[in-house]
Asks: 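The structure follows.
Below, read A as the first sequence line, B as the second, and so on, with proteins coming before strands; counting in each chain starts at 1. In this text, all values refer to a predicted model and were calculated from it rather than measured experimentally.
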Amino acid sequence: MRALLGGAAALFFATPAMAASGEAVNPWVAVAYLVSGVLFILALRGLSSPESSRRGNRFGMIGMLIAVVTTLVTHDIASLPEIGVAIAIGGAIGFVIARRIPMTDMPQLVAAFHSLVGMAAVLVGIAAYLNPGAFNILDAAGEILVVSRIELGLGVAIGAITFSGSVIAFLKLNGNMSGAPIMLPGRHVINLGVLAGIIGLTAYFAVLPTVETAMVFWIIVALAFVIGFLLIIPIGGADMPVVVSMLNSYSGWAAAAMGFTLGNTAMIITGALVGSSGAILSYIMCKAMNRSFISVIAGGFGADSGPSEGAEKIDRPWKRGSAEDAAYMMKQAENVIIVPGYGMAVAQAQHALREMGDMLKEEGVSVKYAIHPVAGRMPGHMNVLLAEANVPYDEVFELEDINSEFAQADVAFVIGANDVVNPAAKTDKGSPIYGMPVFDVDKAKTIFFIKRSMGGVGYAGVDNEVFYMDQTMMLLSDAKKMCEDIVKSL
Amino acid sequence: MDFISILSIFVMACFVGYYVVWSVTPALHTPLMAVTNAISSVIIVGALIAAAAGSQADGGQTAKWLGLVGVVLASVNIFGGFAVTERMLAMYKKKERK
């Protein structure tokens, strides 16, 4: 066994010069990249359950290490110290950010990371265009191969879209920019025009002789940066889970396009994995909102939330509850289902909420958490926050698994969620959220609804029938403060 | 490798990705995004090639610097992405059996 490994290693390391010259490709190099691609598949596979997830993450790290080391040992490195410094700088920054970032800011962080992948793809694409020899994409006549040009054009375009789109998503999620949609007049025409321009120019770029392509190439890059920006500004805050997933997908396709250029299996496999992952997440998010992907991309949701039917309902009677009421009722209850939403994240209420849950459990109350797929600003956002607050993951349930239990629940405790519990989605055909799967909290015996004030309505801008129901008590306060008050009263 | 074999790998990988991602539990969708972010930074391979090549051709010097910047960006993502995923996954705990 050892001899075999030794032999493999010798073969692997003995021929760097060969690969660098670009003519003969050491088969072990291809195998190494393939192995790292497979390890990336295993990394995602591990996420099928929390128990196997950490091992999966390790596989991912090993895969990355193999890819980087293979690249370094099989190329003539003219500048190893510089590369070492570059990795050290980037690694240190990444590591510190990863340690310090609060879990509530995860959507922003992921958007920021997407932008980096996009930018890296653009840089690699430009570098390959400027120095095609190093990337082995020249034909016998010294021209960049036609197929490589298409890949390059598409790669830098997708990378640039990912970058500028993610920057906008980051600014919106981070609150540097209003979450409200920004609607340019005639934006669909502009966007389609720019997209058509990028595709047309890529085709033109592919057929031109190399010397004349410079201008076209840079225009593609510039247009792609612009379109990424234009695509995301009209999309409102509530649709951010879809946008973040979509940009995740784009960053994958960008990596795949570069993988084609380099003929690198690790990059192609990864790109395909990440691309499909983002696409599936976007699909899940759209389905959970009963919206088509096209309508999300077209943007504007939440902007035209005119007080159409909501206006005359504003003065309807509702009951206000106190922390003591909530504490008393929940202590008496047999089972309580907690429905957290983005408001919980904003108020950083997850720890206080868990404390409340723990005290109820000590009283013998069964406590479950119900999470809607689009709760929060990115897929799975609420699960991470609850996990951070030490809520065991087997007390946390998905929409379809728990929805039937509301009918038997003594208390539904809604904290920072709104649209996902709005029965209008089931009954009111005119409602913008009609058809969206929602929690049947209206079937619970008692509903506590934490909300900062009666004024604001959810992101979809629709009034919620649940506020005015007989069994509902509104707890008007900051979510965190309310949970703490309830804990005190228990 | 010729274009068709690369394309075959790509298409197969898309299918693998499709089935693997559907099997990911929704509770781990945020770590999924973080880890896909980290692995898509395998694009560092391209940046390393550009940075390593140096000034063999006219554009080589510029390409090298672009590559180095690419290496920095991708490294932020690799280290940050894996570390933050690890941090999140460490938080997922089962109910303590009493």
Side-chain angles (χ1 to χ4, degrees), chain A residues 40 44-45 47-48 50 53-54 57 60-61 67 71 75 77-78 83 86-87 89-91 93-95 97-98 110 113 116-117 119-121 123-124 126-127 130-131 133-134 147 248 251-252 255 258 263 266-270 272-274 276-277 280 379-380 383-384 387-388 392-394 398, chain B residues 1 3 6 9-10 13-14 16-18 20-21 23-24 26-30 32-33 35-37 39-43 45-48 50-54 57 59-60 62-63 66-80 82-86 88-89 91-95:
Chain A
F40 291 150
L44 299 199
R45 184 80 190 96
L47 291 173
S48 57
S53 60
R54 297 183 77 179
N57 199 35
M61 293 181 200
T71 312
H75 287 81
I77 305 291
I83 289 177
I87 293 180
I89 294 174
I93 297 174
F95 199 73
I97 295 175
V110 167
F113 278 172
L116 298 182
V117 179
M119 197 57 188
L123 294 175
V124 172
I126 295 176
L130 293 176
N131 190 4
V147 65
N248 185 237
S251 67
M258 288 302 144
M267 281 166 88
I268 293 170
I269 293 177
T270 314
L273 285 178
V274 179
S276 20
S277 162
I280 290 172
N383 302 77
V384 171
E388 185 199 14
Y393 60 81
D394 36 11
E398 303 300 320
Chain B
M1 258 191 293
F3 183 73
I6 297 179
I9 294 174
F10 177 70
C14 284
V16 172
Y18 179 86
V20 168
V21 172
S23 75
V24 172
L28 293 175
H29 275 163
T30 296
L32 170 69
M33 294 195 97
V35 83
T36 50
N37 223 311
I39 63 173
S40 60
S41 303
V42 71
I43 199 149
V45 167
L48 286 172
T62 322
L66 291 175
L68 281 175
V69 177
V71 171
V72 174
L73 297 184
S75 306
V76 172
N77 230 330
I78 292 172
F79 284 82
F82 281 124
V84 88
T85 309
E86 190 73 17
M88 277 191 274
L89 294 176
M91 293 173 183
Y92 284 81
K93 292 186 195 84
K94 251 196 155 139
K95 207 181 313 192

Asks: So, for A:Ser251 and A:Val274, which heavy atoms are closest and what is the spacing to 0.1 Å?
Replies: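 Answer, listing the atom of A:Ser251 first, then A:Val274: OG-CG1, 4.1 Å.
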Asks: Looking at A:Ile97, A:Thr71, A:Ile93, which one has more heavy-atom pairs under 4.5 Å with chain B than the rest?
Replies: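 It is A:Thr71.
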Asks: Please name the pair of heavy atoms, one in B:Met33 and one in A:Pro379, separated by the smallest distance, quoted to 0.1 Å.
Replies: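 Result for this residue pair: SD-CD, 3.7 Å.
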Asks: I'd like to verify something: which residue of B:Ile78, B:Thr85, B:Val72 has the highest number of heavy-atom pairs under 4.5 Å with chain A?
Replies: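 The residue among B:Ile78, B:Thr85, B:Val72 with the greatest pair count is B:Val72.
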Asks: Looking at B:Gly17, B:Ser40, B:Gly70, which makes the most heavy-atom pairs under 4.5 Å with chain A?
Replies: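 That would be B:Ser40.
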Asks: Given that the side chain runs from C-beta out, which part of B:Val45 has a heavy atom under 4.5 Å from chain A: side chain, backbone, both or neither?
Replies: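 For B:Val45, heavy atoms of backbone and side chain both lie under 4.5 Å from chain A.
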Asks: Do you know which of A:Ile89, A:Val110, A:Leu44, A:Ile126 has the most heavy-atom pairs with chain B at a distance under 4.5 angstrom?
Replies: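 Most pairs with chain B among the choices: A:Leu44.
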Asks: Is there a side-chain contact between A:Tyr393 and A:Asn383 in this structure, where contact means two heavy atoms from C-beta onward sitting under 4.5 Å apart?
Replies: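 Side-chain contact under 4.5 Å: no.
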Asks: Among B:Val71, B:Val69, B:Val84, which residue forms the greatest number of heavy-atom pairs with chain A at distances under 4.5 Å?
Replies: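 Of the candidates given, the most pairs with chain A belong to B:Val84.
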Asks: Is A:Val147 close to chain B through its backbone or its side chain, or both, or neither, when contacts mean heavy atoms under 4.5 Å?
Replies: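 For A:Val147, the contact with chain B is made by the side chain alone.
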Asks: As an exercise, state the distance from NE2 of B:His29 to OG1 of B:Thr36, rounded to the nearest 0.5 Å.
Replies: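 That separation rounds to 10.5 Å.
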Asks: Could you report the tightest heavy-atom contact between B:Phe79 and A:Phe95, atom names first, then the distance?
Replies: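 Smallest heavy-atom distance, with atoms named: CB-N, 4.3 Å.
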Asks: Among A:Ala272, A:Gly94, A:Gly380, A:Gly90, which residue has the highest count of heavy-atom pairs closer than 4.5 Å to chain B?
Replies: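 Highest number of heavy-atom pairs under 4.5 Å: A:Gly90.
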Asks: Between B:Ser75 and A:Gly91, which heavy-atom pair has the shortest distance, and what is it?
Replies: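 Smallest interatomic distance, heavy atoms only, reads CB-N, 3.6 Å.
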Asks: Between B:Asn77 (side chain) and A:Phe113 (backbone), is there a donor-acceptor pair under 3.5 Å?
Replies: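 Yes; at least one donor-acceptor contact below 3.5 Å.
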Asks: A:Glu388: what forms a salt bridge (charged side-chain N to carboxylate O under 4.0 Å, His left out) with it, not counting sequence neighbours?
Replies: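 Salt bridge (charged side-chain N to carboxylate O under 4.0 Å, His left out) list for A:Glu388, sorted by chain: empty.
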Asks: At a heavy-atom separation under 4.5 Å, does A:Ser48 approach chain B through its side chain, its backbone, both, or neither?
Replies: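 Its backbone and side chain both get close to chain B.
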Asks: Under 4.5 Å heavy-atom distance to chain A, tell me which part of B:Leu68 shows up: side chain, backbone, both or neither.
Replies: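 Backbone plus side chain of B:Leu68, per the 4.5 Å heavy-atom cut-off to chain A.
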Asks: Look at A:Val117, A:Asn57, A:Val124, A:Ile83 and state which one has the largest set of heavy-atom pairs under 4.5 Å with chain B.
Replies: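 The option with the most such pairs is A:Asn57.
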Asks: Quick one: which of B:Ile39, B:Leu66, B:Val21, B:Leu73 has the most heavy-atom pairs under 4.5 Å with chain A, could you say?
Replies: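 Most pairs with chain A among the choices: B:Ile39.
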Asks: Okay, side chain of A:Thr270, backbone of A:Ala266: is any donor-acceptor separation there less than 3.5 Å?
Replies: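 Looks like yes, one N/O pair under 3.5 Å.
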Asks: Going by the rule salt bridge (charged side-chain N to carboxylate O under 4.0 Å, His left out), which residues pair with A:Arg45 if we only count those two or more places apart in sequence or in a different chain?
Replies: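 For A:Arg45, no residue satisfies salt bridge (charged side-chain N to carboxylate O under 4.0 Å, His left out) once neighbours in sequence are set aside.
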Asks: Considering only heavy atoms, which portion of A:Met258 lies under 4.5 Å from any heavy atom of chain B: side chain, backbone, both, or neither?
Replies: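 Looking at A:Met258, just its side chain touches chain B.
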Asks: Counting heavy-atom pairs closer than 4.5 Å to chain A, which one of B:Leu28, B:Asn37, B:Val24, B:Val35 comes out on top?
Replies: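 The residue among B:Leu28, B:Asn37, B:Val24, B:Val35 with the greatest pair count is B:Asn37.
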Asks: Taking every heavy-atom pair that is under 4.5 Å apart, which of A:Leu47, A:Leu273, A:Val384 has the most such pairs with chain B?
Replies: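 When all of A:Leu47, A:Leu273, A:Val384 are compared, A:Leu47 has the most.
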Asks: In terms of heavy-atom pairs under 4.5 Å, which option from B:Val20, B:Val16, B:Val42 contacts chain A the most?
Replies: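 Max contact count across the listed options: B:Val42.
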